[in-house]
Visitor: 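A single structure is presented below for examination.
Throughout, numbering of the chain's residues begins at 1 and tracks the sequence. Excluded from the calculations below are hydrogen atoms, water molecules and symmetry mates; all remaining heavy atoms, backbone and side chain alike, are included.
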Amino acid sequence: MAITKAAPQRAGEGASPPVREEERRGLSSPLTLTLLLVMMVLAQGPIRRALAAPVMQSWTTVFVAVIVQALPFLVLGVLLSAAIAVFVPASFFARALPKRPALAVPVAGAAGAVLPGCECASVPVAGALVRRGVTPAAALAFLLSAPAINPIVLTATAVAFPDAPEMVLARLVASLLVACAMGWLWLRLGRADWLRPPAREAYDGQGRGAAFWGSVRHDVMHAGGFLVIGAIAAATLKAVVPEGWLRVAADHPVVSVLALAILAVLLSICSEADAFVAASLTQFSLTARLAFLVVGPMIDLKLFAMQAGTFGRGFALRFAPATFVLAVTVSVLTGAVLL
């Protein structure tokens, strides 16, 4: 009678999975939070002394002021942009635009003034317009204008600059000019192989309610994070950077404009909140701060990534630098006339 031999046990067989062993050795999230709170309690004396320093008090004042002023506009803008992205069909825009591309560009650009939305929402909407047959030049004009000249953004700008109401008109004019000029430039020089239309709907497989709240949660966390980063940067510039350095940059018109334009690209602040950050940079001229407000909603780090993901990297590498140069140029010209 044949005797069946038991197969030798392989190394590690019957033992706990490696992942579980790592979890057993690692720190759980509640434990980490508890340890962090204990450390903060033990170090509350040094923390209290650090926060009592004049420079930290100045930093905290600017940071809290920017957040408190900007947050209501940010939340309202996110709610409205999510509603438009989910409940307004893209075919509506296709029917509303003129058939001639040259006329569709300014109409699409002007549509941004009545359709609230931040730059995070404008990219998928522009992609949907292209997918539904709208000429890319008009879709790109809408992509640039909607986050810059919509009612929420202009109202926030008026609140942020109560002593300079001309900033609202300057932002509206400069942003609309840049949006239309880029649309016409694409119409003139753009090539079909430079732009890759998105292949699917943004909310496939979801109910409208789930898509709406999903969009709200994503945009609040995403835009709110960039708002905090922007507030930190504004407070640091105001309280930590030596006044002499800022004065040197602010006293040179060309340097000040380029500095704030590049800062807008790096900070990537949501357009519903950027006016309050710009208003806090009182060392700089209104023209330099106008460049900050025009450049930011049109091209920044997160927008470049979103444009590359939606329309292709080749498109973003051509579109972003041209938009930056044109936005800075138009801001300077508009500031010279209106400010």
Side-chain angles (χ1 to χ4, degrees), residues 59 62-82 112 116-123 143-161 167-168 170-172 174-175 178 216 218-241 246 256-284 286 288-307 320 323-324 327-328 331:
W59 187 94
V62 176
F63 175 80
V64 173
V66 171
I67 294 293
V68 170
Q69 286 183 307
L71 196 57
F73 295 97
L74 176 65
V75 173
L76 180 58
V78 166
L79 290 173
L80 291 175
S81 65
C118 69
E119 55 267 36
C120 299
S122 67
V123 175
L143 182 150
L144 295 178
S145 69
I149 66 173
N150 69 68
I152 302 298
V153 170
L154 296 181
T155 302
T157 305
V159 174
F161 291 90
M167 281 293 288
V168 179
R171 183 175 195 176
L172 170 64
S175 300
V178 174
V216 169
H218 172 270
D219 288 350
V220 165
M221 297 299 296
H222 187 77
F226 285 109
L227 171 59
V228 171
I229 293 174
I232 290 174
T236 302
L237 286 173
K238 191 79 171 179
V240 178
V241 177
L246 294 178
S256 65
V257 169
L258 289 177
L260 289 194
I262 294 173
L263 186 65
V265 174
L266 297 177
L267 292 184
S268 304
I269 309 172
C270 186
S271 59
E272 280 94 357
D274 60 0
F276 299 96
V277 175
S280 69
L281 302 174
T282 54
Q283 300 91 341
F284 293 86
L286 288 177
R289 285 184 278 177
L290 175 64
F292 181 89
L293 296 178
V294 174
V295 170
M298 295 188 175
I299 175 61
D300 57 31
L301 294 181
K302 72 176 185 299
L303 271 177
F304 180 85
M306 293 179 68
Q307 291 171 5
T323 302
F324 180 85
V328 171
S331 298

Visitor: Nearest heavy-atom pair of Leu281 and Leu260: which atoms, and what distance?
Guide: CD1-CD2, 3.8 Å
Visitor: So, for Val277 and Ser280, which heavy atoms are closest and what is the spacing to 0.1 Å?
Guide: O-OG, 2.6 Å
Visitor: Can you tell if the side chain of Phe284 reaches within under 4.5 Å of the side chain of Val257, non-hydrogen atoms only?
Guide: no
Visitor: Search all heavy atoms of Ala148 against all heavy atoms of Val153 and return the closest pair with its distance.
Guide: O-CG1, 3.4 Å
Visitor: What distance do Asp274 atom CG and Arg289 atom CZ have between them, rounded to the nearest 0.5 Å?
Guide: 13.0 Å
Visitor: For the atom pair CD1 (Ile269) and CZ (Phe276), what is the distance rounded to the nearest 0.5 Å?
Guide: 12.0 Å
Visitor: For Ala264 and Asp300, work out which heavy atoms get closest and say how close.
Guide: O-CB, 3.7 Å
Visitor: For the atom pair CG (Leu290) and CZ (Phe161), what is the distance rounded to the nearest 0.5 Å?
Guide: 9.0 Å
Visitor: Of all heavy-atom pairs between Ala275 and Arg171, which one has the smallest distance, and what is that distance?
Guide: CB-NH1, 4.1 Å
Visitor: Mind checking the OG-CD1 spacing from Ser271 to Ile149? Nearest 0.5 Å is all I need.
Guide: 11.0 Å
Visitor: Considering all heavy atoms of both residues, which atom of Val295 and which atom of Ala327 are nearest to each other, and what is their separation?
Guide: CG2-CB, 3.8 Å
Visitor: So, taking the atom named CE in Met298 and the one named CG in Leu293, what distance separates them when rounded to the nearest 0.5 Å?
Guide: 11.0 Å
Visitor: Check whether any side-chain heavy atom of Val265 lies under 4.5 Å from a side-chain heavy atom of Phe304, and answer yes or no.
Guide: no
